[in-house]
Protein chains: 2
Amino acid sequence: MNQGFGNGRELRPTTKVLPEHARGHNRSLVMQTLYREGQLSRADIARETGLTRVTISDLVADLIGENLVIEIGQREDARPGKPATLLDLNRDAFQIIGIDLSEYARFRGALLDLDGKILERAELPLAGSTGDAAQQKVVALVELLIDKATRPILGIGVGSPGVVDLAGVVLTAPNLGWTNRSLQQELAERFGIAVIVINDANAAVLAEHSFGGATSDMMLVKVGHGVGSGLLLAGIPLFGSRFAAGEIGHVVVGTDGGLACVCGKVGCLETWLATPRLDAALALARTAEQKEQILWAAGERLGIALAPVVGALDLSEIVLSGPTELLDGTLARATIETIRARSMPEFHGNLVLRMTTLGEDIVLRGAAVMVLSGQLGVS
Amino acid sequence: MNQGFGNGRELRPTTKVLPEHARGHNRSLVMQTLYREGQLSRADIARETGLTRVTISDLVADLIGENLVIEIGQREDARPGKPATLLDLNRDAFQIIGIDLSEYARFRGALLDLDGKILERAELPLAGSTGDAAQQKVVALVELLIDKATRPILGIGVGSPGVVDLAGVVLTAPNLGWTNRSLQQELAERFGIAVIVINDANAAVLAEHSFGGATSDMMLVKVGHGVGSGLLLAGIPLFGSRFAAGEIGHVVVGTDGGLACVCGKVGCLETWLATPRLDAALALARTAEQKEQILWAAGERLGIALAPVVGALDLSEIVLSGPTELLDGTLARATIETIRARSMPEFHGNLVLRMTTLGEDIVLRGAAVMVLSGQLGVS
DNA sequence: ATAGTTTGTTCGTAAGCTTTACTAACAAAC
DNA sequence: GTTTGTTAGTAAAGCTTACGAACAAACTAT
């Protein structure tokens, strides 16, 4: 419904702004305040936002009229003055569908509430489908979840692998055999509901930021069948000049060779880190010590690749998403130590590297964040 | 006077927006349109911006009242209808002072007009000054330039080496012996004029974007006594979580050792690329071929460091600033070829790497851009 | 009981943009 | 020379948005 103006530091104003846009922004600000802090009175919101009680009352009346906000009842505590009428988002009024297309063998989906909690799940084996067949599976998965919904659907969020533009067109997704596929538009026409399609790693970043407590200058590295990443800089997701930001899987790491990659180069990050390669290498290892060496080497390579990025972007946090048994431990330790050894300790000494707290649902939940943000201006 | 709302894609609205902010934005939009396209009528601006002729007339009346915009005269061409009254920014009403503190041996400054053209220059040898003495030289340089001004000064822009926060406090600048120095505040109090202090590489990025025709997803690498960089992502300058974005000089490059660096590490980018190191290496070379090899190796190292950054950020352009005789040619060629060889050609095949077109004045002019942007909402 | 505090609403106002309608000034065609 | 049609800029009225002042309701504290 609204995107907000933000406090962007763009140099050049580029589009007109009308008073009604300002109101839309303030509307989102009210929703945002309620979303994060829960039950508040109109006067509370006024104090929080800096708008007057009068204006807040007016905005809240609109939102109540649209059934987005409800009155909970009176505040119980004993204070002087007229008791406050508590408000909250009508958290039970809508549900969200989140879809994760990033796994190799299956599509996963879930029905979520407005707080991002997963209410129902569904999945479909991909069974090698590509092209239109793969898209049909997405449609079928959405239908499964719509059937499970007990409230109106606020929107459908889809995290897709590959390169996705801002209009939700999947420009390229090799594993699914998709090129220039208008997934957002086609799903929206099919279901008549708001649909948002975004790259899987970018979805993961948003989930980690909203639900995982991540900072505003963060990189999320997603290790699976391939290696990708998403970036949040000054609280803004980065998409890149050709919507390909975060594609680090086929960057060559180090100056001492490595294994041949499917892309034709030698020593790409994926040859060290992608789970099929890592599993294969570990399977050949005889001793625990050898396994540790393999994991350490993989983490070291990731650190070598990330050190220049950390330096250039002055990141405060790096989050890993993927198989915990591979990533958490030696590999993560090697990564952070390598980054520290190769960058400036006075700036990046307190860089944090950690596993995601959201597990396998990270993309699902990130897709839901996009819906919340796009439909309610909230996240 | 105004920052504009921008079209930021921040997820969370954070501050209230009033109608008067919307007007400030639209005001900047008018100024911006005039700044870029020169002589336009009110009706032209209305068509360009999407606002109505009435609103534009109102805004223009304000701006004329403040002497920021002037009527030039009537449009000459023969068309049906009432002839248009042409407007323009009052480009001759103000002048700007730009200061560059990034050179090793001297402070440079200039008096510029609103188009960023340099009208007068001044410089002071640094002569090893640090701390308060260095700041006194900045003050003296500004005084020299104020004396040369023939118009009111719109503002003073300063590009400083080191880490500079958003309030214009130089957190650390080793070469100048500065820590937590409130340069912006102190200069503003001293001169009673708007002052903006920004990191030198960030200033350079803004200059290249405004005057050098650079794209909106660009990195500028500044090679001198040290190596630094500035980033523009989706048209927004990146400052970083601790205002240290772009500090790539002490990132270790490659996995095959290198020379010892003053910072204690081995193989930092600066050990390959900083001009003192490069000059020293070239002085030892006997043949032209050896010199080429040295330049190639330096460019290759830069490419190795930048490849992960290019991949992660999906940059469209890299601009080099520094001694042309060192950078332009073999070194630049080695850099771009190395980046291409180490990243994905389908995304970064048309990445452009070039020298800046602004020469040694790049920081000066970038500082002026900050003043234009901060004071007029224009750049 | 009385005084003070807090909440939320009503009323009137200021600012900002739009729509509508107008005048001024011109070119083209007769 | 007159008519027609177009473009520029302005004036008036109206809508939206937010604000401040004032107030009633409802509570606590004394």
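Below, read A as the first sequence line, B as the second, and so on, with proteins coming before strands; counting in each chain starts at 1. All values derive from a computational prediction rather than experimental measurement.
- Along DNA chain D, the nucleotide closest to A:Gly50 and the one closest to B:Ala84 are compared, and the more 5′ of them pairs with B:Ala84.
- Side-chain nitrogen and oxygen atoms of B:Arg23 include at least one within less than 4.0 Å of the OP1 or OP2 phosphate oxygen of C:dC17.
- D:dA18 atom P lies 11 Å from atom CD of B:Glu20, rounded to whole Å.
- For the pair B:Glu71 CD and D:dA8 P, the interatomic distance rounds to 15 Å; values are reported in whole Å.
- One atom, CG of A:Asp62, and another, P of D:dT16, lie 11 Å apart when rounded to the nearest Å.
- Residue-level contact check: A:Ile56 touches neither bases nor backbone, having no heavy atom under 4.0 Å from any strand.
- No donor-acceptor contact under 3.5 Å links the side chain of B:Arg42 to the base of D:dG9.
- For B:Val54, counting side-chain heavy atoms from C-beta on, the closest listed nucleotide (C:dT19, D:dA18, C:dC11) is C:dT19.
- In this structure, A:Ser57 and A:Pro19 both approach DNA chain C, and ranking their closest nucleotides by distance from the 5' end singles out A:Ser57.
- No salt bridge links A:Arg91 with A:Asp113; every basic N to acidic carboxylate O contact stays at or beyond 4.0 Å.
- If you measure from atom CZ of A:Arg75 to atom P of C:dT7, you get 7 Å, rounded to the nearest angstrom.
- Between atom OG of residue A:Ser379 and atom CD of residue A:Gln32 there is a gap of 5.5 Å, rounded to the nearest 0.5 Å.
- The interatomic distance linking B:Ile45 (CD1) with D:dG9 (P) rounds to 9 Å, in whole Å.
- Under the side chain to side chain contact (heavy atoms under 4.5 Å, CB included) test applied with A:Glu71, the options A:Asp88, A:Leu86, A:Leu87 reduce to a single match, A:Leu87.
- Contact between the side-chain N/O atoms of A:Thr85 and the OP1/OP2 oxygens of C:dT7 is not found at any separation under 4.0 Å.
- Taking 4.0 angstrom as the limit, B:Asn26 places none of its side-chain polar atoms (N or O) nearer than this to OP1 or OP2 of C:dG16.
- You'll find that the side chain of A:Thr52 is closest to D:dC19, out of D:dA26, D:dC19, C:dA25.
- In this structure, B:Asp217 contributes its side chain and B:Ala234 its backbone to a donor-acceptor pair below 3.5 Å.
- As a whole-Å value, the separation of A:Leu87 CG from C:dT7 C1' is 12 Å.
- If you check every strand for non-hydrogen atoms under 4.0 Å, B:Ser41 touches sugar and phosphate atoms only.
- Within the 4.0 angstrom heavy-atom criterion, only backbone atoms of the sugar-phosphate kind lie near A:Arg47; the bases stay farther away.
- Among D:dA8, C:dT7, C:dG16, the nucleotide with an atom closest to any side-chain atom of A:Arg53 is C:dT7.
- Which of D:dG9, D:dC27, D:dC19 sits closest to the side chain of A:Gln74 comes down to D:dC27.
- Across all strands shown, D:dA18 forms a Watson-Crick or G-U wobble pair, both distances under 3.5 Å, with C:dT13.
- Rounded to whole Å, atom P of D:dA12 lies 14 Å from atom CG of B:Asp58.
- Counting only distance, with no hydrogens or angles, the side chain of A:Arg365 and the backbone of A:Leu206 share no donor-acceptor pair below 3.5 Å.
- Set against D:dC19, C:dT18, C:dC26, the side chain of B:Leu18 has D:dC19 as its closest nucleotide.
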Report the C-alpha distance between B:Arg27 and B:Glu66 in whole Å, list the side-chain angles of each, state the deciding distance to 0.1 Å, and finish with yes or no for salt bridge (charged side-chain N to carboxylate O under 4.0 Å, His left out).
CA-CA 12 Å; B:Arg27 221 182 97 106; B:Glu66 295 171 46; 2.7 Å; yes
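- Note: CG (A:Leu51) to P (D:dT16) measures 19 Å, nearest angstrom.
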